[in-house]
Amino acid sequence: MTDAPETDGPRARAKRESLRRILVAASARLRREGLEGAAIAPVMKAAGLTHGAFYAHFRDKDELAVAAFRQAFATERERWIGATRDRSWPARARRLAARYLTARHRDDPGAGCAFAALATDAARAPDAFRAAYGQELRATLAAIRGAPDDDPMRPPPLDHAAAMLALCVGGLSLARAVNDPELSERLLSACRDAAERLAQADAAAAPPD
């Protein structure tokens, strides 16, 4: 009888660790620099690995960009949205805006939201990247809404969740784009206020228990 393939030996663990390092490095660069941040040589340097190790995991830069974009949501989605089962939709909407529309998030794109960092690039990206962008967007909208049976959350219509996410992503993008600190802060504040008004409107429209 032949030995079973090694699935958790030193070599397998080393390969998983090298993949993790590549994805972490590429994800941060992608959010700081756009799609150009997924260039193979600088990513591998940031990961502390040789250029040749790249091809044990990916065919090319485009495949890496998709994987790095998805990596950003492995922890990012929950960080912005938080748990859903213990929150009503208005409370969840307020929490999203309060966590997302901040100076800290504005000033640290490498650890921030990949939607805001790559919206412009995605519009000109290869089809595979645009498909990944759309899939992650749909998953995020579903997470914002919560599961339909999570009473008393009363998940909002998809359009409400989409409007809230668009307000957050657009507000953050504009706040990053301007070089006037006062205007940047005002944009963040105005969008937080608008998010609060949207949340209040949804709460007022919710049917009674």
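Predicted model only: the values in this text are computed from it and were never measured.
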For a side chain to side chain contact (heavy atoms under 4.5 Å, CB included) with F129, tell me which candidate from D62, D121, L35 qualifies.
-> L35
Just wondering, more than 12 heavy atoms not from D127 lying within 6.0 Å of its CG?
-> no
What's the verdict on side chain to side chain contact (heavy atoms under 4.5 Å, CB included) for E196 and Q200, showing C-alpha distance, side-chain angles and the deciding distance?
-> CA-CA 6 Å; E196 175 65 23; Q200 288 177 351; 2.9 Å; yes
How does the hydrophobic cluster around V24 look, that is, which other residues are in it when side-chain heavy atoms under 4.5 Å mark a link?
-> none
Can you tell me how far CG of L96 sits from OG1 of T140, rounded to the nearest 0.5 angstrom?
-> 10.0 Å
Is L183 reachable from L188 through a run of hydrophobic residues whose side-chain heavy atoms are each under 4.5 Å from the next?
-> no
Let me see the working for L137 and F73 under side chain to side chain contact (heavy atoms under 4.5 Å, CB included), right down to the final yes or no.
-> CA-CA 10 Å; L137 183 59; F73 292 96; over 6 Å; no
Begin with the C-alpha distance, continue with both residues' side-chain angles, and end with the deciding distance and a verdict on side chain to side chain contact (heavy atoms under 4.5 Å, CB included) for I22 and F58.
-> CA-CA 10 Å; I22 293 169; F58 303 103; 3.8 Å; yes
Of all the heavy-atom pairs spanning R92 and A143, show the shortest one and how long it is.
-> NE-O, 4.3 Å
Taking C-beta and beyond as the side chain, do L158 and R145 meet within less than 4.5 Å on heavy atoms?
-> yes
Verify, without hydrogens or angle tests, whether R31 (side chain) and G112 (backbone) share a donor-acceptor contact under 3.5 angstrom.
-> yes
For E36 and K61, run side chain to side chain contact (heavy atoms under 4.5 Å, CB included): C-alpha distance rounded to whole Å, both residues' side-chain angles, the deciding distance at 0.1 Å, then the answer.
-> CA-CA 9 Å; E36 291 303 314; K61 172 189 169 182; 3.7 Å; yes
Distance in Å, R95 CZ paired with I144 CD1, rounded so as to fall on 0.5 Å steps = 11.5 Å
Using the rule that two of Ile, Leu, Val, Met, Phe, Trp, Tyr join whenever any of their side-chain heavy atoms come within less than 4.5 Å, decide whether W89 and W80 are in one cluster.
-> yes
Interatomic distance, CZ@R124 vs CZ@R130, rounded to 0.5 Å, equals 11.0 Å
Residue set satisfying side chain to side chain donor-acceptor pair (under 3.5 Å) with R20, at least two apart, ordered chain then number -> E17
Is the closest side-chain heavy-atom distance between R21 and M44 below 4.5 Å?
-> no
Are there more than 12 heavy atoms of other residues, nucleotides or ligands under 6.0 Å from atom CZ of R138?
-> no
Expected list for residues 167-177: side-chain donor-acceptor pairs under 3.5 angstrom, two or more places apart:
unit_1	atom_1	unit_2	atom_2	d
S173	OG	V169	O	2.8
R176	NE	R106	O	3.1
R176	NH2	H105	O	2.9

Considering residues at least two apart in sequence or located in another chain, which fulfil the side chain to side chain donor-acceptor pair (under 3.5 Å) criterion with R70?
-> Q135, E136
How long is the span from the CG atom in L141 to the CE atom in M164, to the nearest 0.5 Å?
-> 12.0 Å
What are the two closest heavy atoms between A26 and A68, and how far apart are they?
-> CB-CB, 3.6 Å
Can you hop from L118 to Y100 via hydrophobic side chains spaced under 4.5 Å?
-> yes
Scan for side-chain hydrogen bond (donor to acceptor under 3.5 Å, both in side chains) pairs involving residues 49-59, sequence neighbours excluded, and state none if there are none.
-> S18-H57, R59-E63
For the hydrophobic clusters of this structure (ILVMFWY residues joined by side-chain heavy atoms under 4.5 Å, transitively), does one cluster hold both V66 and L30?
-> yes
Qualifying residue for side chain to side chain contact (heavy atoms under 4.5 Å, CB included) with V43, from L23, L64, L49 | L64
For Y133, the ring-ring contact (aromatic ring centres under 6.0 Å, His included) test, sequence neighbours excluded, returns F69, F115
Which pair of non-hydrogen atoms, one from C113 and one from E76, has the smallest distance, and what is that distance?
-> CA-OE2, 3.3 Å
Nearest heavy atoms of R29 and G37, plus distance in Å = NE-O, 2.9 Å
